[in-house]
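Just the heavy atoms: all of them, side chains too, but no hydrogens, waters or symmetry mates, feed the values below. On a predicted model such as this, the values are computed, not experimentally measured, just so you know. Note that the numbering runs from 1 along the sequence shown for the chain.
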Amino acid sequence: MKSLETKFGAVLREMRIKRGLTQAQLAADCNLDRTYISLLERGLRQPTISTLFKLAEVLETKPSVMLRHLESLI
């Protein structure tokens, strides 16, 4: 069974790719390090609430949409 972190990473990766962004572009737009985006996508880190909101804003969605997508994977 995949961990919650890994499932969140899959959601983030899917949404990033749908927006046509690289990890570097997403990171720059969120004022985060590219390696942190990689760690999130691989399920090695968990985002804080403020990071979740930054990611959602750049991905042009709502944090609740991201979390509902995550919830559907559980």
ask   = Does any donor atom in the side chain of T48 or T51 lie under 3.5 Å from an acceptor atom in the other side chain?
value = yes
query = Just wondering, are more than 12 heavy atoms of other shown residues or ligands nearer than 6.0 Å to CZ in R13?
reply = yes
ask   = Is it the case that one hydrophobic cluster holds both I17 and M66, taking links as side-chain heavy atoms less than 4.5 Å apart, direct or via other members?
value = no
query = Quick one: CG on L59 to SG on C30, what's the gap to the nearest 0.5 Å?
reply = 6.5 Å
message = Hydrophobic clustering (ILVMFWY, side-chain heavy atoms < 4.5 Å, transitive) - are L70 and L40 grouped together?
response = yes
request  = Could you pull out the closest heavy-atom pair between P47 and Y36, with the gap in Å?
outcome  = CA-OH, 3.5 Å
message = So for atom CD1, which belongs to I49, do other residues, nucleotides or ligands contribute more than 12 heavy atoms lying within a distance under 6.0 Å?
response = no
query = Looking at residues at least two apart in the chain, or sitting in another chain, which of them share a side chain to side chain contact (heavy atoms under 4.5 Å, CB included) with A28?
reply = none
query = In Å and rounded to the nearest 0.5 Å, what is the CZ to CG distance from R68 to L73?
reply = 13.5 Å
query = Once you round to the nearest 0.5 Å, how far does CD of E5 lie from CD of Q46?
reply = 4.0 Å
V11 and E14, any side-chain heavy atoms less than 4.5 Å apart = no
message = Rounded to the nearest 0.5 Å, what separates atom CZ in R45 from atom CD1 in I37?
response = 13.0 Å
query = Can you tell if the side chain of M15 reaches within under 4.5 Å of the side chain of L12, non-hydrogen atoms only?
reply = no
key: Residues R16 and E41 bridged, charged N to O under 4.0 Å   = yes
request  = Show your reasoning for whether side-chain hydrogen bond (donor to acceptor under 3.5 Å, both in side chains) applies to R42 and S38.
outcome  = CA-CA 6 Å; R42 291 183 289 142; S38 175; 3.1 Å; yes
pair L26-L32: side-chain heavy atoms closer than 4.5 Å = no
key: Sidechain N-carboxylate O distance under 4.0 Å for E60, R19   = yes
ask   = Are any non-hydrogen side-chain atoms of L52 and F8 less than 4.5 angstrom apart?
value = yes
